[in-house]
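This report concerns only the one structure given below.
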Amino acid sequence: MKLELYVGTTCPYCHLVRREIDKQGRTDVEICNIDESEEHLNRLVKDGGKEQIPCLFIDGQPLYESQDIVKWLRKNPQQ
């Protein structure tokens, strides 16, 4: 399963999701910061349809809203 989390540097909702990833000790989530890479921003908009963060792409399918992402991460621990 490919997991890519699109975040912004100062977004508090992104920090919430990243804390959950750190708490779980996950190493299977690629972090893509849209403030540091125009390529990441372009991919987020192109594939997700909007410039909303945080966004977790799960095998290419976007999941928005920090609480929904945290719930998904808890229900789907790293294998």
Side-chain angles (χ1 to χ4, degrees):
M1 180 178 301
K2 184 173 182 179
L3 302 174
E4 300 166 286
L5 179 66
Y6 284 75
V7 298
T9 304
T10 60
C11 169
Y13 302 105
C14 298
H15 290 284
L16 184 139
V17 174
R18 291 190 70 172
R19 277 194 301 275
E20 181 64 29
I21 290 169
D22 291 344
K23 178 180 167 185
Q24 291 184 19
R26 294 186 80 122
T27 58
D28 62 338
V29 181
E30 178 184 349
I31 306 297
C32 304
N33 190 318
I34 65 169
D35 295 328
E36 296 174 357
S37 169
E38 190 172 332
E39 182 180 324
H40 289 318
L41 174 60
N42 292 339
R43 162 105 198 289
L44 172 65
V45 173
K46 177 181 169 278
D47 294 348
K50 54 187 171 180
E51 189 179 326
Q52 179 180 334
I53 51 173
C55 176
L56 178 65
F57 280 93
I58 306 160
D59 288 335
Q61 295 298 310
L63 176 63
Y64 297 97
E65 301 300 333
S66 58
Q67 292 300 326
D68 292 339
I69 295 170
V70 168
K71 285 179 192 175
W72 189 93
L73 290 168
R74 289 179 180 165
K75 287 181 182 177
N76 298 275
Q78 184 172 350
Q79 300 294 317

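Reckoned from all heavy atoms, side chains included, excluding hydrogens, waters and symmetry mates.
- In this structure, Trp72 and Met1 approach most closely via the heavy-atom pair CH2-SD, 3.4 Å.
- To the nearest 0.5 angstrom, Ile21 atom CD1 is 4.5 Å from Ile31 atom CD1.
- Val29 and Tyr6 fall into different hydrophobic clusters, where Ile, Leu, Val, Met, Phe, Trp and Tyr side chains are chained together by heavy-atom contacts under 4.5 Å.
- Distance CZ/Phe57 to OH/Tyr64: 5.5 Å, rounded to 0.5 Å.
- Take Asp68 and apply the side-chain hydrogen bond (donor to acceptor under 3.5 Å, both in side chains) test, not counting sequence neighbours, and it matches no residue.
- A distance of 13.0 Å separates CD in Glu65 from CG in Leu56, rounded to the nearest 0.5 Å.
- Within a 6.0 Å radius of CD in Glu51, no more than 12 heavy atoms belonging to other residues, nucleotides or ligands are found.
- For Glu20 and Arg26, the salt-bridge test fails: no basic side-chain N is under 4.0 Å from an acidic carboxylate O.
- Comment: Lys2 does not engage Glu30 in a salt bridge, judged by the lack of any side-chain N to carboxylate O separation of less than 4.0 angstrom.
- Expressed to the nearest 0.5 Å, how far CD1 of Ile34 lies from CD1 of Ile53 amounts to 4.0 Å.
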TODO: Show your reasoning for whether side-chain contact (heavy atoms from CB on, under 4.5 Å) applies to Leu63 and Cys55.
DONE: CA-CA 6 Å; Leu63 176 63; Cys55 176; over 6 Å; no
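- Note: Leu3 CG to Asp59 CG = 7.0 Å, rounded to the nearest 0.5 Å.
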What side-chain donor-acceptor pairs closer than 3.5 Å can you find for residues 8-16, not counting sequence neighbours?
residue, atom, partner, partner atom, Å
Thr9, OG1, Asn33, ND2, 3.2
Thr9, OG1, Asp35, OD2, 3.3
His15, NE2, Thr9, O, 2.9

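- Of the inter-residue distances, the one linking Ser37 atom OG with Arg43 atom CZ reads 11.5 Å to the nearest 0.5 angstrom.
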- [ ] Before giving the answer on side-chain contact (heavy atoms from CB on, under 4.5 Å), spell out for Arg18 and Val7 the whole-Å C-alpha distance, their side-chain angles and the decisive distance to 0.1 Å.
- [x] CA-CA 9 Å; Arg18 291 190 70 172; Val7 298; 4.2 Å; yes
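- Between Leu73 and Gln24 the shortest side-chain heavy-atom distance falls below 4.5 Å.
- In terms of modelled atom types and a separation under 3.5 Å, the side chain of Gln78 and the main chain of Thr27 share a donor-acceptor contact.
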